[in-house]
Amino acid sequence: MSIDRKYFEEMEAKIPHGKVRTRFAPSPTGYMHVGNLRTALYTYLIARHAGGTFLLRIEDTDQGRLVEGATDVIYRTMAECGLSHDEGPDVGGPVAPYIQSERRDTYGKYAELLVERGHAYYCFCEKAESEEDSGEFDRADDPCRDLPLEEAKARVAAGEPYVIRQRIPKEGTTTFHDASFGDITVENKTLDDQVLLKRDGLPTYNFANVIDDHLMGITHVVRGSEYLSSAPKYNLLYEGFGWEIPTYVHCSPVMRDAQHKMSKRNGDPSYEDLKAQGYLTPAILNYVALLGWSPRGEQAEQEFFTLDELVKAFDISGISKSPAIFDIEKLTYFNANYLRNLSPGEFCKVATPYIRESVKNEAYSVSEISSLLQARCEKLTDIPEKVDFFDALPEYDVEFYTNKKSKTDAAVSLDMLQKVLPKLENLPEWTNDAIHDMLVSFAEELGVKNATLMWPLRIAVAGKLVTPGGAVEICHILGREETIARVKAGIAKLS
């Protein structure tokens, strides 16, 4: 089993240099949770801010956790969010392949190289996988650590099952630097001889990451702070190979509250859930950017950013060490702002499916209904119940007609409806302006406030205390015939 030096030289020759290179490396295990989306966004922003290259790598070595269709979710989410990658499984690139399971042979070769360099060893001990995962491996108890290399190679050649473990120094300390957390030093005796290559020949997550990040020329590694404890072992691997260590950027977790991390198991929303709950992608992205990062300088007080503005403003120094708490009310505030800032045409486009959920009658204009909603809508999912009265007048309480501010009660409302009915029946044209002008001048003629006439009319035609738009707009959209039918029904209810 002699080492082919030419292979490693060729791999080194392929590595791009001279630019910032970052990677988003998700595992296809289901959905894109908020922390994952934030990692993708920060990784993208670091690359774009520096005029560098952004890669997508699919980490599928943990075959037991793979979920069918999950890779499609990753592609779809990144495309919707505008996080376009320069290299990846679907677009190729100079350091392909970008799917870890397709790089299997590479890891084996580098594990053997590390053994040759004295920083790893073949281990033939029987250990349960659960023991490996626990990280409670006692180096002193592993007889394989001190096996002569030739003896170990002979056992491998004879077909004996083995793993390859990292050889951690028994003495001294390892120090690594993180862009957010600064220098962190650990004693080597607290680190375990982690498995690098499993019995099935597949690498562990930690080993595959280091190999791929080096061979893909990654300059900045962005990941969750839960990996801080693994960083010393990564450093020792880089040093074992004689490679340059990238810039580490560890991001603190996104929390549901002060005690609990966000988790799908606890019912916390993924990106797709948030979309299904009526939030716009740009609003989600803007809010997620501020979960653990804040702009500096002139933009320190700025809240709302387009993706292009984030690219210009993003600086690693703005990433916080403190956990970020996900506040759905704050996201709703962001979303309402984004909805209001859409052009009327854009708002109508996104609102139409929600309007048509409850307004099936094609006679009612979607664009007119959407114009009522835009200033009064925080989430798209609020829409169906706001406008369901167009299709069918709901059952409502006579008490709705009583309103102190409008100076109405059941008797006043009955009087107003009886008097306005012939006016509505005989109105020459059924336009917003015509209905408005008639109602205002008729209120003046009756010697009452506008609201005293408008309130009962709106209750009669909508059957709701709160509506998008007032009596004028609702009557116009409903049309003369339906408006008159509903006013008559209101008179009958009040009589």
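All values below were derived from every heavy atom in this structure, side-chain atoms included, with hydrogens, water molecules and symmetry-related copies excluded. Residues: numbered from 1 along the sequence shown.
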### Query
Are S317 and D315 close enough that a side-chain donor and a side-chain acceptor fall under 3.5 Å?
yes

### Pair K6 + E10, salt bridge at N-O below 4.0 Å
yes

### Message
Quick one, V34 and L274 - any side-chain contact, counting heavy atoms below 4.5 Å?
### Response
yes

### Message
Looking at Q302, I'd like to know if its CD atom is crowded, meaning that more than 12 non-hydrogen atoms belonging to other residues, nucleotides or ligands lie closer than 6.0 Å.
### Response
yes

### Side-chain heavy atoms of M11 within contact of H214, under 4.5 Å
no

### Query
Can a salt bridge be assigned to the pair D388 and K360 using a cut-off of 4.0 Å between side-chain N and carboxylate O?
no

### Message
For G470, is there any backbone N or O sitting under 3.5 Å from a side-chain donor or acceptor partner on E473?
### Response
yes

### Message
Regarding E87 and R23, does a basic nitrogen lie under 4.0 Å from an acidic carboxylate oxygen?
### Response
no

### Task
Check the pair W243, F8 against ring pair (Phe, Tyr, Trp, His ring centres under 6.0 Å), reporting the backbone distance first and the verdict last.
CA-CA 13 Å; W243 294 341; F8 299 109; 9.0 Å; no

### Query
Is the closest basic N to carboxylate O distance between E116 and R5 below 4.0 Å?
no

### Close side-chain approach of E80 and K275, heavy atoms under 4.5 Å
yes

#### Entry: Under 3.5 Å side-chain donor-acceptor pair for N188 and E171
no

### Task
Please confirm whether the backbone N or O of L196 pairs with a side-chain atom of Q166, one donor and one acceptor, at under 3.5 Å?
no

### Donor + acceptor pair across side chains of E244, H17 (<3.5 Å)
no

### Message
Please tell me whether Y234 and N206 have a donor and an acceptor in their side chains that are separated by less than 3.5 angstrom.
### Response
yes

### Task
Could you label the plane-to-plane angle of the F334 and F304 rings as parallel, tilted or perpendicular, counting under 30° as parallel and over 60° as perpendicular?
tilted

### Query
Is a donor on one side and an acceptor on the other found under 3.5 Å between the side chain of H220 and the backbone of T22?
no

### Message
Taking salt bridge (charged side-chain N to carboxylate O under 4.0 Å, His left out) as the criterion, tell me which of R167, K170, R145 meets it with D193.
### Response
R145

### Query
Distance only, no hydrogens: is a donor on one side chain within 3.5 Å (strictly under) of an acceptor on the other, for N335 and R340?
no

### Query
Are side-chain heavy atoms of E357 and E385 found at a separation under 4.5 Å?
no

### Worked check of side-chain hydrogen bond (donor to acceptor under 3.5 Å, both in side chains) between Y7 and T106
CA-CA 10 Å; Y7 171 81; T106 302; 3.3 Å; yes

### Query
Got a salt bridge between R165 and D192, using NZ or NE/NH1/NH2 to carboxylate O under 4.0 Å?
no

### Message
Under a 4.0 Å threshold between the charged nitrogen and the carboxylate oxygen, would R103 count as salt-bridged to D212?
### Response
yes

### Message
I want to check something: taking the side chain as every heavy atom from C-beta on, are L55 and I218 in contact at a cut-off of under 4.5 Å?
### Response
yes

### Query
Is there side-chain contact between Y205 and Y227, with heavy atoms separated by less than 4.5 Å?
yes

### Query
Are R376 and D382 close enough for a salt bridge, meaning some N to O gap below 4.0 Å?
no

### Message
Would you say T332 and Y279 are linked by a side-chain donor-acceptor pair, where the criterion is simply a distance under 3.5 Å?
### Response
yes

### Task
Verify whether one side chain among D60 and S101 offers a donor that lies under 3.5 Å from an acceptor in the other.
yes

### Task
Any chance you could lay out the ring pair (Phe, Tyr, Trp, His ring centres under 6.0 Å) test for F314 and Y42, step after step, and finish with the verdict?
CA-CA 8 Å; F314 197 81; Y42 286 6; 5.1 Å; yes

#### Entry: Criterion side-chain contact (heavy atoms from CB on, under 4.5 Å) against R38, the qualifying member of T43, V222, V254
V254

### Task
Identify whether the distance between the nearest side-chain nitrogen and carboxylate oxygen of E9 and K14 falls below 4.0 Å.
no

### Message
When you measure from the centre of the six-membered ring of F124, is the NZ or CZ of R155 closer than 6.0 Å and no more than 45° off the axis?
### Response
yes

### Message
Looking only at the side chains, is there a donor atom on one of E303 and Y333 sitting less than 3.5 Å from an acceptor on the other?
### Response
yes

### Message
Between D86 and R48, does any side-chain N to carboxylate O distance fall below 4.0 Å?
### Response
yes

### Task
Output yes when E102 and R104 qualify as a salt bridge under the 4.0 Å nitrogen-oxygen rule, no when they do not.
no

### Query
Do H85 and D90 get their side chains close enough for a donor-acceptor pair, meaning under 3.5 Å?
yes

